[in-house]
Amino acid sequence: MLTKTHRDTETFLRQIQDALPAFDSRVLPQQPLPKERWTELMDQGICLPAIPATHAGRHSHREMCEVIEIVSEYNLPLGMYTMIVTVLFLRNVALSGSPALQEEVDDFQENPVIGGIAFTEPEFGSSLARMKTTYEETDAGYHVRGSKHWQAFSAQADWWIVCARQYAGKEFGYFVHRRSEGGFMTTEIYDSLGLKNLGYGLNDIDILVPAQRRLDKRRSGLGDTAEILCASRFSKAAMSSGFLRRLYREALAQTKGRQIGKGCLYDIDYVRYKVSRIRNHYVICNALYHHLLLEEDYRHDIAGSMFASLATKVLSSELMQESAIDYQQLCGGEGYRTGADNIAANALLDARVYTLFDGTNDLLCKHLADIALREMHVGGLPGLGEVLRENPHTHHAAAQVRQLDGIDTDNLGQAGRVILGRMLSRVFGLDCLVRRAQRLHLMPGAGLVARDHESQARYDRRDIRLASKLLMLNLNTLREELEYVQNED
C-alpha cells in the first residue's frame with residue numbers, strides 16, 4: 001500500500017475530501033475545535049503538503065492551496081484553521097528554520113500538534129512597528145517578553161512563532177517556542193463573533209528560546225512580517241473560492257425549495273439576480289485562486305508579490321461579505337438565527353471578520369494605492385493607466401479599464417487613496433479573469449482535481465464575461481465615490 005507521502009495528488013486530495021463531511025459547518029459545533037478532531041484530519045495527511053520531503057512530507061504549494069480551498073467549502077473556519085497551521089506555521093519553519101528546529105517540529109508527522117503565530121498586540125493592532133514584545137540575546141539563546149492577542153488556538157496550540165522587537169535596537173526577530181516548556185500563558189479567552197472554531201484570546205509571554213529556534217529572517221524592519229502576511233493574504237483566495245461555491249449551492253437550493261404561491265422563490269427575477277451575483281463572486285474568487293495556485297509558490301519567498309497579495313485579500317474578503325449578506329437576505333428571517341435549516345447566520349459571522357484580519361481592508365487599500373503611485377513616480381509614468389499597463393498583475397486588464405484615466409493623483413488625500421486602492425483590487429480581479437479565460441479549456445474545474453460538488457465548481461466563458469461586467473460596474477461606482485471625495489476636499 002502506498003503511504004500518504006507517495007500517493008498521487010488526486011488520490012491524496014480525495015482522501016482529505018472524503019473526511020470532510022464530518023466537519024461540515026452544519027454539524028461541527030461552534031466552539032474551539034477539540035484536538036482529537038484535528039487529529040482525524042492529521043491522520044489523513046492534511047499537514048503533509050507543508051512539510052519538506054526530507055521530513056517525509058509532500059512539500060507541494062499546489063496541494064497546500066487545494067487542501068485549504070476544499071476544506072473551506074465544507075467549513076470556512078476550518079479552512080482558516082488549516083491555513084494557519086500549514087501556510088503560517090509549517091511553511092515558515094520549512095522556509096527559514098534551522099535543521100535542528102525542523103527536526104524538533106517533525107512531530108507534526110506523528111502527533112496531533114497545532115502550530116500558530118503570535119504577532120498582534122493589544123495596544124497597537126495593525127501598527128506592528130510599535131510592538132512592545134521584545135527580545136534580548138543571552139548566553140542560552142533569547143529572552144522574549146511581552147503580550148499578544150487575537151492568536152488563533154490561544155489555549156490549544158503546541159508550537160508558536162513569536163515576533164518580537166530587539167530590546168535595545170531596531171531589528172525584529174521570529175522565535176519558535178514549544179508551549180510545554182512554559183512561559184506562554186493564556187490569560188483571557190475571547191468570545192469572538194464568528195470563527196469560533198479557532199479559539200482566540202490574550203497571551204502573556206516570558207520565554208527562553210534556544211538559538212537554533214530563531215528563524216533565519218533578516219530583512220530590515222518588518223520586511224519579513226510583510227512576506228509572511230503575503231502568504232496569509234493570498235490564502236484568502238482559496239478560502240473565498242471554496243466558501244462562495246458553497247454559498248451559491250446553498251442559495252440555489254434555498255430559493256428553488258422555498259414555495260411562494262404556485263411557484264418558488266427562485267421564480268422572482270430579483271432573487272435570480274441575487275443568486276447569480278453570488279455565482280459571479282465565486283467565479284471572480286476562483287480566478288483569484290487560480291492565480292495563487294498556478295503563479296505563486298509558498299515554498300519560496302513571495303515578498304515580490306505584495307501588490308497581488310494585497311489585492312487578493314481586499315477583493316476576496318469583500319466579495320465573501322457581500323455574498324454572505326445576499327445569502328442571508330435570501331433566507332429571510334430564518335437566516336438570522338442559528339439552528340435554522342441554512343448556514344446563513346454563521347456564514348455571515350464567519351465571513352465578515354475577513355475584512356479585518358491580516359490588516360483592515362481600508363489600510364490595505366491605501367497600501368495598494370501607495371504602491372501604484374510610487375510606480376508612477378519612480379517610473380516617470382504620466383498617469384495610472386500607464387501604471388496598469390506596466391504592472392504585470394494588471395496589464396492583461398489595462399486595455400478594458402478606463403475608470404482610472406484622468407484621476408488627479410496630486411489631489412489624493414488619505415480617503416482618496418483608500419478608494420483608489422479598492423479600485424486597483426478590482427482591476428487585479430479583472431486581470432485574473434482574463435487569464436482564467438485563457439486557461440479555462442485546460443482546467444475547467446475549481447482547481448487541480450474534481451470537487452464533491454463538481455457541477456457548481458465549473459463555469460464557462462459567459463460566466464467569466466458576466467463576472468467581469470460586475471467588476472466593471474463596481475469600478476464605475478468607486479470612480480464616482482472618488483470624485484465625490486475629491487470634491488469634498
Side-chain angles (χ1 to χ4, degrees), residues 32-39 41-43 45-52 54-57 59 64 67 78 80-120 133 135 140-164 173-187 189 197-217 224-225 228-229 231-232 235 298:
L33 185 72
K35 187 170 287 187
E36 57 268 22
R37 299 306 309 274
W38 179 241
T39 303
L41 292 173
M42 289 193 68
D43 287 345
I46 199 167
C47 290
L48 289 179
I51 296 174
T54 52
H55 294 276
H59 208 216
M64 270 192 271
V67 166
L78 189 59
M80 175 73 93
Y81 193 116
T82 304
M83 184 279 293
I84 293 169
V85 176
T86 57
V87 173
L88 287 182
F89 184 82
L90 287 172
R91 169 186 180 261
N92 283 291
V93 171
L95 199 61
S96 307
S98 66
L101 173 61
Q102 291 187 26
E103 287 290 341
E104 286 189 279
V105 179
D106 198 35
D107 61 358
F108 273 79
Q109 278 282 44
E110 305 295 334
N111 300 304
V113 291
I114 302 170
I117 66 168
F119 284 19
T120 308
T133 300
Y135 73 89
Y142 300 92
H143 189 185
V144 182
R145 288 171 286 192
S147 180
K148 302 286 186 179
H149 77 155
W150 283 117
Q151 283 76 60
F153 336 125
S154 281
Q156 290 84 31
D158 305 279
W159 287 91
W160 292 98
I161 295 175
V162 181
C163 179
Y174 305 82
F175 305 92
V176 179
H177 176 66
R178 191 198 295 262
R179 189 186 193 113
S180 62
E181 295 175 2
F184 195 101
M185 300 295 297
T186 302
T187 58
I189 299 297
N197 293 150
L198 276 72
Y200 292 102
L202 172 67
N203 298 292
D204 286 339
I205 300 170
D206 189 346
I207 56 178
L208 296 174
V209 182
Q212 70 269 20
R213 289 194 192 160
R214 179 176 182 173
L215 297 182
D216 185 20
K217 294 182 180 293
D224 288 301
T225 296
I228 290 170
L229 291 177
S232 176
S235 73
Y298 282 148

* Starting from the C-alpha separation in whole Å, work towards a yes-or-no answer on ring-ring contact (aromatic ring centres under 6.0 Å, His included) for F153 and Y81. => CA-CA 9 Å; F153 336 125; Y81 193 116; 4.4 Å; yes
* Dump the intermediate steps for side chain to side chain contact (heavy atoms under 4.5 Å, CB included) on L48 and H59, then the final yes or no. => CA-CA 7 Å; L48 289 179; H59 208 216; over 6 Å; no
Specify the closest pair of heavy atoms between [X] and [Y], including all atoms of both residues, with the distance to one decimal.
X	Y	answer
G116	A157	N-CB, 4.3 Å
I228	K217	CD1-CE, 3.9 Å
C47	W38	SG-CZ2, 3.9 Å
G199	P32	CA-CG, 3.9 Å
S154	F184	O-CE2, 4.4 Å
Q151	N203	OE1-ND2, 2.9 Å

* Asked: Are side-chain N/O atoms of T225 and Y174 paired as donor and acceptor at under 3.5 Å?
  -> yes
* So, R179 and T186: side-chain donor and acceptor under 3.5 Å apart, yes or no? -> yes
Is the backbone N or O of [Y] less than 3.5 Å from a side-chain atom of [X], with the two atoms forming a donor-acceptor pair by type?
X	Y	value
R91	Y298	yes
H177	G182	yes
S235	S232	yes
Q102	G97	yes
Y135	C163	no
K148	F119	yes

* Asked: Can F175 and I161 be said to form a side chain to side chain contact (heavy atoms under 4.5 Å, CB included), step by step?
  -> CA-CA 5 Å; F175 305 92; I161 295 175; over 6 Å; no
Interatomic distance, [X] atom [atom1] to [Y] atom [atom2] [nearest 0.5 angstrom]:
X	Y	atom1	atom2	result
I46	T86	CD1	OG1	7.5 Å
L202	I189	CG	CD1	9.0 Å
E103	H55	CD	NE2	5.0 Å
M64	L90	CE	CG	9.0 Å
L33	T82	CG	OG1	9.0 Å
D224	D216	CG	CG	9.0 Å

* To do: Determine, stepwise, if the pair F89 / W160 fulfils ring-ring contact (aromatic ring centres under 6.0 Å, His included).
  => CA-CA 8 Å; F89 184 82; W160 292 98; 8.7 Å; no
Should [X] and [Y] count as side-chain neighbours, where that means a heavy-atom distance under 4.5 Å?
X	Y	value
Y142	L208	no
V144	D206	no
L88	M83	yes
T120	H149	yes

* Asked: Could you walk me through whether K35 and D158 pass the salt bridge (charged side-chain N to carboxylate O under 4.0 Å, His left out) check?
  -> CA-CA 11 Å; K35 187 170 287 187; D158 305 279; 2.8 Å; yes
* To do: Evaluate side chain to side chain contact (heavy atoms under 4.5 Å, CB included) for L78 paired with L41, printing each intermediate quantity in order.
  => CA-CA 11 Å; L78 189 59; L41 292 173; 3.8 Å; yes
* Asked: Do I207 and E181 pass the side chain to side chain contact (heavy atoms under 4.5 Å, CB included) test, and can you show the C-alpha distance, the side-chain angles, and the key distance before you say yes or no?
  -> CA-CA 8 Å; I207 56 178; E181 295 175 2; over 6 Å; no
